[in-house]
Each structure stands twice: as structure tokens, then as C-alpha cells.
**Student:** 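Here it is, the structure in full.
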Amino acid sequence: MLDIKLIRENPELVIEKLKLRGENTENIDKIKSLDEQRRSLLTKVESLKKIRNEASAEIGKLKAKRIDTTEKVEEMKKISDEIKSLDDEIKKLEEQIQDLLYYIPALPSDSCPIGNSPEDNVVIKVCGEEKQFDFKVKDHIELGELHDIIDFERGTKITGRGFPLYKGKGAILERALINFMLDTHIINGYEEVLTPVLVNRKSMEAAEKVPKFEYDMYRIEEDDLFAIPTAEVPIINIHRDEIFNEEELPKKYCGFTNCFRREAGSYGKETKGFLRVHQFNKVELINFCLPENSYREMENMLLNACRILDELKMYYRIVELCTADLGFAASKCYDLEVWSYAEKKWLEVSSISNCTDFQARRGMIRIKRGGGTGKQKIEFAHILNGSGLATSRLMVGLLEANQTSNGNIIIPEVLQKYTGFDVI
RNA sequence: GGAGAGGUGGCUGAGUGGUUGAAAGCGGCGGUCUCGAAAACCGUUAUACAGGUAACUGUAUCGGGAGUUCGAAUCUCCCCCUCUCCGCCA
């Protein structure tokens, strides 16, 4: 959620930044005028409440002295009614403001490349070495079937399309990847958490997934719970409605969860195998930090995620998203993409975002600074999230890149101690 | 799912209609004392919103919402959560 004060004080800036995202900005003026109405009513009702409070105290004293207060009470009845109707009006205005505000995305950082579509994203760096194959490469579905390690058909039988079933060495490889990633992140200073995968509405709101993306999520209506689309949601909510002391930051968490996405509206796109699924596995990185450090921390997080791909000896690239391609809550974002030798395209395996105070404001995640100096200040934390990494698409790249001419798959060296075997 | 108990400031805990934003204690912070520390003592210690350049002022907040009242932490209704016992169960 954006700061209403920013819209109030500098609407031109807000509009200018939103336009860079290709966002419709007409609601900004609407919010501004609703906010003006709200504040003028607020001033009015607060002064009436002051009168009421003073009168009530007086009535109390008079009654104690057994002096008649009928006249005073009658007068206050009128004022009380007036207060009630003003309060109702204010409440309605606040609801209108919020309904609009909840759909306004974060403002892009000045450092974001400006663009109109994903084509304007900027490739920062290509890493690792591209392999040369002197045979026709198999795609991950063929490789999965060949070794009976991924069974898409039975996954479909159990649940539906997009719910893959891993078997045998496939399941072990998946588990090995997760363990390898978590262990690596722990070394880099992240605390591991294992969170709930169903969360309540408040948690979704704090992560800025609801109301805007409510219908992209699997929901359990009876209990008003949501299946998480990413571990970002429960991990951020660890500190919802809390205030950090500034010395506690940066606070870094990593966590593995299953992730669930309806991907409504994307049918027909990348329906093959692992490229777009409804349930996948992901290790997530979260960093709560001081506002002035968030962009520096973001570079660190990028390195932490890259390290996984480096150690797996993957061929990948770092892409910086342009203003038009940023996620709803993000001010700046890097994607990591691994090369698919069979699909002949780059696959997104990680997205590292600086959401600055956008989620912290909604989730009331704050920092207390200057403790003991007498000049205490409370401000919103900055929150970064990054995948480190998502395994299903990584699995695609990994299987393809490590295949041999007879269809075997060589396990990368760093994973061998986790799998217990070196070839599939 | 059934029965009961309870939700008050960072924590413990008083308060059942009228200076109660809220006693007291603990903790935190600042100070006095000390070579330093502890102890003791003194002071201070919530958040949000609105107005104001500011000092500051006002309003709101005792799980959430609605209601009664001139006035609600306190009374009424609905909801949520936690705990205990029973049932079920990985």
C-alpha cells in the first residue's frame, strides 16, 4: 500500500511513477479528493468530540453534587447525534479510499530501466558456460519418462493438470536440491523457517496478494484460508504487527514450502510439463532491513541466489525488469533465468524484489530507532523477497543440461552428497 | 465437534458507568551515588490519525464489530482468538 500522505503531498510524482508502469492513474485524483473530504470532516467531528468530552466530565461532576443536568444532557444529545452521522460519513470515505488504494501498485525505483513491456527488460549479465551437445537433446518430459522419475500423468490423475508426481531418484533429486539450497543460505546468514502453507486473509493482505490477486489463489472458503503462492507470505507475516529494534536488522529468513498457484487465465501457455504448474517447490529468501540499506541488501540477495546456480554450474542470466514488468508490490526486481537446451529459451527460476515499505505499511512491520536518545522514531521496515530458488523450472534446466547422449543424467557434484548417487 | 474459563500498555496484573491512556509491580531508557559496577534513590517510558514551521494541541485506541448512554475498559448483542477437560486423530 502506498502512503496516502505521498498522494496528498505529491500527487504529480505518484502519477508520473505509475505511468512508467503503464498504470491507469485516474484514481489518484479521486483518492486525493476523497482524502480532502475526509480530513475536513475529521477536523469537524474531532472538535465536536472535544465539546462532548468536556461536557460529559462536567455532567459527572454536577451529578456528584446532585445538581440538575437535564438541560445540559439534552444539548449533548444533539451533539452526539451529529457526531454519529459525521463518523459514519468519515467511515464511508475511508472505505472508498482504501478500496482504491489497495489496487495501486508500488512506485518503481529511479534505478529501474524504463520500458513498456517485458521486451524492455535489461540483461545485466550472462553467467556460466553454455554447453555444446553433439546429439539431439531430450526435453525434461522425455527424460522424466525415460527414467520414470517424474510422472505427470499420474499427478494429473491424483489432482489435475499441473500437479506433478516425483518418483524414485526424481523425488530424491528434488529433496537434494532443497536441502542443498537451504544449507547454502544458512551459511550466508539466513535463519531457516518451516511455515504453515495455509494462511489467513490478514496474512495475504499484508503480503499485498489480496484483494488484488484473490482469485489467483487456491482458497478454502469455509475457513477463509488461502494456500500460499509463495513462502514470502507466511515469512513476512512472522513479523506482522511487530516493531523491530534497529539493531535487530537486517533479519534474514530462508524457508522451503510447496507453492500453489491457480494460474487462472494462463491456460494454453507453457502447458508442457514443469514449465507452468499449479504446485511447485521453492526455497524463499526474505530480508527485513533498514530503509537506507534495502538496495544494498538486494544486491546481496541477488548474489546469494546466484551462488546456487553457480555451484550447480548452470548456464543462466540475470535480468533486470523494466518498469512495465514489475510485480505489484515491487519497486525493483531482478530475475534469474536458466537456459533450457530443449526449449531453446530462458526459464525464470528466481525473482528478487525490493518491496521497500509497500508491504510493511499494510502489515504494520516497523522499526524503532534512536532508542534511549529521547528522539525515538518509528518507521516502516523495508522488505525484500527472493526465490533461492524455485525447483520445478530449475529441474527442467538441470535435467536437460546434465544429460548424456544415452539419456542418462549426471548429478552435479555439489548435490551428490545429498542424493547419494551420481547418475540417473 | 461437546463443556467450561479467559482476552487490559513490552510483560505481570488492578479496575464493573463519570479527570482511567488506564493503579501497582517488573522490564527499558536517562540521571544521582561510585574508580567502575551492583544496590538504592529520582525521573522517564504506547501507537495511530488530524491541525501547527515548531513547541504543542486535539481525537481515537483496554481482542474485533454493532448497540445502550450526555458519558463505556466497565452494560447488551454478534464475531474472532487463546487456554482446560471430553471426543476424534498424524
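Worth knowing before you read on, the calculation uses all heavy atoms, side chains too, and leaves out hydrogens, waters and symmetry mates. Below, chains carry the letters A, B, ... as their sequence lines are ordered, and counting in each starts from 1.
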**Student:** Which residues pass the side chain to side chain donor-acceptor pair (under 3.5 Å) test with A/R154, sequence neighbours left out?
**Tutor:**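 So A/R154 forms a side chain to side chain donor-acceptor pair (under 3.5 Å) with A/D151.
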**Student:** Sticking with atom P, work out how far B/U8 lies from B/C75, rounded to a whole angstrom.
**Tutor:**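 It works out to 16 Å between them.
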**Student:** What interatomic distance, in whole Å, is found between P of B/G63 and the corresponding atom of B/G15?
**Tutor:**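 Each nucleotide's P atom is 15 Å from the other's.
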**Student:** Taking atom P in both B/A66 and B/G13, what distance in whole Å separates the two?
**Tutor:**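 Roughly 30 Å separates the two P atoms.
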**Student:** Indicate the atoms forming the closest heavy-atom contact of A/I367 with A/P291, along with that distance.
**Tutor:**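 What the structure gives for the nearest pair is CD1-CD, 3.8 Å.
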**Student:** For nucleotides B/G10 and B/G21, find the distance between their C1' atoms and express it as a whole number of Å.
**Tutor:** 16 Å
**Student:** How far, in whole Å, is B/C29 from B/A46 if one measures between their P atoms?
**Tutor:** 15 Å
**Student:** Which whole number of Å gives the distance between the C1' atom of B/G9 and that of B/A60?
**Tutor:**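 Between the two C1' atoms, the distance is 16 Å.
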**Student:** Please report, rounded to the nearest Å, how far the P atom of B/U57 is from the NZ atom of A/K50.
**Tutor:**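 After rounding, the gap between these two atoms is 11 Å.
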**Student:** Between the side chains of A/Y295 and A/E299, is a donor N or O closer than 3.5 angstrom to an acceptor N or O?
**Tutor:** no
**Student:** Strictly under 4.0 angstrom, non-hydrogen atoms only: write out the protein contact profile of nucleotides 44-53 of chain B, one letter per nucleotide from the 5' end, B, S or -.
**Tutor:** ---SSSSS--
**Student:** B/C81 P sits how many Å from A/K202 NZ, rounded?
**Tutor:** 12 Å
**Student:** Please name all residues satisfying side chain to side chain contact (heavy atoms under 4.5 Å, CB included) with A/D68, sequence neighbours left out, ordered by chain then number.
**Tutor:**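 In terms of side chain to side chain contact (heavy atoms under 4.5 Å, CB included), with neighbours along the sequence ignored, A/D68 is linked to A/T70.
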**Student:** Report the residue from A/S387, A/S351, A/S353 that forms a side chain to side chain donor-acceptor pair (under 3.5 Å) with A/D335.
**Tutor:**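 Checked A/S387, A/S351, A/S353 against A/D335; only one passes side chain to side chain donor-acceptor pair (under 3.5 Å): A/S351.
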**Student:** Which whole-number value in Å describes the distance from A/D224 CG to B/C79 P?
**Tutor:** 16 Å
**Student:** On a whole-Å scale, what distance lies between the C1' atoms belonging to B/G65 and B/G58?
**Tutor:**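 The answer is 26 Å between these two C1' atoms.
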**Student:** Take atom CG of A/D241 and atom C1' of B/C81, then tell me their distance rounded to the nearest Å.
**Tutor:** 14 Å
**Student:** To the nearest Å, how far apart are A/I83 CD1 and B/G58 C1'?
**Tutor:** 13 Å
**Student:** Tell me, which pairs form a side chain to side chain donor-acceptor pair (under 3.5 Å) where one or both residues lie in residues 249-261 of chain A, sequence neighbours left out?
**Tutor:**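 Every pair satisfying side chain to side chain donor-acceptor pair (under 3.5 Å) with a residue in residues 249-261 of chain A: A/H239-A/Y253, A/N258-A/N281.
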**Student:** For RNA chain B, what string of dots and brackets results from 5' to 3' when Watson-Crick and G-U pairs need both distances under 3.5 Å, crossing pairs get [ ], and pairs with another strand get |?
**Tutor:** ((((((((.[[[..)..(.....]]]((((((.......))))))((((((....)))))).[[[[[..)....]]]]])))))))....
**Student:** Would you list the pairs meeting side chain to side chain donor-acceptor pair (under 3.5 Å) in which at least one residue belongs to residues 413-424 of chain A, sequence neighbours left out?
**Tutor:** A/D183-A/Y418
**Student:** Any ring pair (Phe, Tyr, Trp, His ring centres under 6.0 Å) involving residues 37-84 of chain A? Give me the pairs, sequence neighbours left out, ordered by first then second residue.
**Tutor:** none
**Student:** Quick one: ring pair (Phe, Tyr, Trp, His ring centres under 6.0 Å) pairs with a partner in residues 346-369 of chain A, sequence neighbours left out?
**Tutor:**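 Only A/Y315-A/W346, A/F328-A/F358, A/W339-A/W346 qualify under ring pair (Phe, Tyr, Trp, His ring centres under 6.0 Å).
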**Student:** Name all residues meeting the salt bridge (charged side-chain N to carboxylate O under 4.0 Å, His left out) criterion together with A/R219; count only those two or more places apart in sequence or in a different chain, and write none if there are none.
**Tutor:** A/E214
**Student:** Excluding sequence neighbours, so at least two apart, what forms side chain to side chain donor-acceptor pair (under 3.5 Å) with A/E95?
**Tutor:**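 Not a single residue meets the side chain to side chain donor-acceptor pair (under 3.5 Å) criterion with A/E95.
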**Student:** What is the distance from CZ of A/R240 to C1' of B/C81, rounded to the nearest Å?
**Tutor:**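 That distance rounds to 13 Å.
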**Student:** With sequence neighbours left out, write down each residue that passes salt bridge (charged side-chain N to carboxylate O under 4.0 Å, His left out) with A/R38, or none if nothing qualifies.
**Tutor:**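 Checked A/R38 against salt bridge (charged side-chain N to carboxylate O under 4.0 Å, His left out); matches are A/D35, A/E94.
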**Student:** Please measure how far the C1' atom in B/U76 lies from the corresponding atom in B/C86, and state the result in whole Å.
**Tutor:** 32 Å
**Student:** Within the 4.0 Å limit for protein heavy atoms, which parts of nucleotides 65-72 of chain B are touched? Write it as a string from 5' to 3', B for base, S for sugar-phosphate only, - for none.
**Tutor:** SS-S-BS-
